Enquirer: 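One structure, pasted below without further comment.
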Amino acid sequence: MASYAAFLLLVAALFVCCCHAQGGDDGAVAAIYSLGDSITDTGNLAKEAPPGAFETIKHLPYGVTFGRPTGRCSDGLLMIDFLAQDMGLPFLNPYLAKNMSFDHGVNFAVAGATAMDPADLFNRTFSMPFTSNSLKLQLRWFKDFMKSTFATDAEIRKRLQSSLVLVGEIGGNDYNFAFYANKSVSEVEKMIPAVVQTIINATKEVLDMGASRVIVPGNFPIGCLPSYLTAMAAPEPSAYDSTACLKDLNLFAAKHNVQLQRAVAGLQASYPDAAIAYADYFNSFLSLLKGAPALGFDENSTHKACCGAGGRYNYDLRLMCGVEGTAVCADPSAYVSWDGIHMTQAAYKAMSRLIYHGRYLQPQILSFPEEKNGQT
């Protein structure tokens, strides 16, 4: 489809023009503060959920590679964990955890969280399966935490000057819930401007608090995920691209990302003293897929979930990973997808390297301890 190829060329062009827009600060990062959803949640949903709810993520096989369940939606570590590790910082503790250290940052992300407020989403004539958490609530937590930890706004600004703030990835669930409610791609596309504006408004609030180093990630190519490949399987081969992903869904995700990139460029112009970067989850994920064998992944399993109940993509919405009737693959590190929605630790590690140490952070605003020491 010509329009599909042309649009992806536009995405590539935006990548080139935005890539060198702004230089970063070489100062050390003393803390990381993270807002987002299940891609980043290190245990908030597990703490927030009432007894009996979301039991699967509280138990093995979730966390099997890590050695125990932690509330992460994976077999092990997430991108945020590898980023903290590479920065020489401890893993971020979830905000809702008690009696844990927040000296080096806080993770406010909650699995299932949306960018837009639930009330706004309800107004769009579909209901949300389980969460009432949103970017607005996480931003309130962030502000409450900073005000309770530091005595004055000046102290907050000083702390944020030596910190990194991630606003996302978020927004994916706004679209997921709409698609799960059987909305068409064209209907869900109408949500993009409002979702993007919500993310940008939150980023502005963080910058106005004094943040000097901020990363805003885009969305994944959702047409490559086992969950969508199963739910929206198409009979005609023309519905799939050269990476065996669904064209329409990837085009949709790319449209979100183009609008978000343009809005981030606007923030860069409005806040010239801050280092603001767009994290390209879309193209880094495609790069991982295309280079999967060289990165150690089984080329026959790149679109299959490691943990599932069978079928072409080993994904069944009625039998999600962790419930009776599902099984775990022998080697999660050979798989890109953990449960059909989230990635494996091995895939998150590869993504983290591609983004934060590679060319998919636009511009590169981070420096790492080993780089300062002349190591690779």
Side-chain angles (χ1 to χ4, degrees), residues 1-5 7-8 11 37-39 56 73-74 112 126-130 169 171-192 218-257 281-283 285-290 292-293 297-329 332 334-344 347:
M1 185 167 66
S3 60
Y4 179 76
F7 192 83
L8 292 186
V11 173
D37 56 23
S38 58
I39 305 304
T56 53
C73 295
S74 182
F126 60 88
S127 61
M128 290 164 34
F130 56 81
E169 181 275 331
N173 286 323
D174 300 63
Y175 304 135
N176 291 340
F177 298 154
F179 283 125
Y180 294 159
N182 295 316
K183 299 294 181 183
S184 67
V185 172
S186 60
E187 285 179 293
V188 183
E189 271 185 23
K190 295 173 184 175
M191 296 172 60
I192 293 176
N219 202 353
F220 291 92
I222 60 173
C224 301
L225 304 182
S227 54
Y228 277 112
L229 285 165
T230 301
M232 299 185 148
E236 60 278 1
S238 61
Y240 299 85
D241 63 18
S242 60
T243 56
C245 302
L246 287 162
K247 288 180 183 178
D248 284 352
L249 287 174
N250 278 5
L251 188 58
F252 165 81
K255 287 178 179 178
H256 165 90
N257 291 338
Y281 284 14
F282 188 96
N283 284 302
F285 187 92
L286 291 180
S287 178
L288 184 154
L289 275 189
K290 291 170 184 175
F297 298 101
D298 176 10
E299 62 182 336
N300 296 315
S301 302
T302 53
H303 296 70
K304 294 179 181 178
C306 165
C307 180
R312 183 176 178 182
Y313 302 105
N314 197 30
Y315 179 83
D316 186 334
L317 183 60
R318 299 161 299 177
L319 290 171
M320 301 286 281
C321 177
V323 305
E324 187 176 352
T326 60
V328 181
C329 63
Y335 282 68
V336 172
S337 177
W338 164 243
D339 58 8
I341 300 169
H342 310 99
M343 296 164 71
T344 59

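In this text, all values refer to a predicted model and were calculated from it rather than measured experimentally.
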Enquirer: Return the NZ to CZ distance between K290 and F285, rounded to the nearest 0.5 Å.
Expert: 12.0 Å

Enquirer: Rounded at 0.5 Å granularity, tell me how far OH in Y175 sits from NZ in K183.
Expert: 15.5 Å

Enquirer: Between S184 and E189, is a side chain to side chain contact (heavy atoms under 4.5 Å, CB included) present by the stated rule, with each step listed?
Expert: CA-CA 9 Å; S184 67; E189 271 185 23; over 6 Å; no

Enquirer: Enumerate the salt bridge (charged side-chain N to carboxylate O under 4.0 Å, His left out) contacts for residues 298-313, please, sequence neighbours excluded, ordered by first and then second residue.
Expert: none

Enquirer: Looking at N314 and C307, what are the two nearest heavy atoms and their distance?
Expert: ND2-C, 3.9 Å

Enquirer: If you measure from CG on D241 to CG on D248, what distance do you get to the nearest 0.5 Å?
Expert: 10.5 Å

Enquirer: Return the minimal non-hydrogen interatomic distance between N250 and C245, and the atom names on each side.
Expert: ND2-CB, 3.5 Å

Enquirer: What pairs of donor and acceptor atoms, side-chain ones from residues 315-327 against any protein atom, are under 3.5 angstrom apart with sequence neighbours left out?
Expert:
unit_1	atom_1	unit_2	atom_2	d
D316	OD1	R318	N	2.9
D316	OD1	R318	NE	3.1
D316	OD2	R318	NH2	3.1
T326	OG1	G322	N	3.3
T326	OG1	V323	O	2.7

Enquirer: Mind checking whether T302 and Y335 have side chains closer than 4.5 Å, heavy atoms only?
Expert: no

Enquirer: F179 vs M232, test: side chain to side chain contact (heavy atoms under 4.5 Å, CB included). Steps then yes/no.
Expert: CA-CA 10 Å; F179 283 125; M232 299 185 148; 3.7 Å; yes

Enquirer: I want to check something: taking the side chain as every heavy atom from C-beta on, are N257 and Y281 in contact at a cut-off of under 4.5 Å?
Expert: no

Enquirer: Do H342 and S38 come within less than 4.5 Å of each other through their side chains, counting heavy atoms only?
Expert: yes

Enquirer: How far does OH of Y180 sit from CG of N173, to the nearest 0.5 angstrom?
Expert: 8.0 Å

Enquirer: For Y313, check ring-ring contact (aromatic ring centres under 6.0 Å, His included) against everything at least two apart and list the hits.
Expert: none

Enquirer: Mind checking side chain to side chain donor-acceptor pair (under 3.5 Å) for S287 and listing every partner two or more places apart, or none if nothing turns up?
Expert: none

Enquirer: Taking distance alone, no hydrogens or angles, what donor-acceptor pairs closer than 3.5 Å link side-chain atoms of residues 219-229 to residues at least two apart or in another chain?
Expert:
unit_1	atom_1	unit_2	atom_2	d
S227	OG	G340	O	3.2
Y228	OH	N176	OD1	2.6

Enquirer: Just wondering, do L288 and V336 contact through their side chains at under 4.5 Å, heavy atoms?
Expert: yes

Enquirer: Less than 4.5 Å apart, side chain to side chain, heavy atoms only: is that true for L289 and H303?
Expert: yes

Enquirer: Run the salt bridge (Lys or Arg N to Asp or Glu O under 4.0 Å) test against E187 and tell me which residues pass, sequence neighbours left out.
Expert: none

Enquirer: Please examine the side chains of V328 and C306, heavy atoms only from C-beta on, and report whether any two atoms are closer than 4.5 Å.
Expert: yes

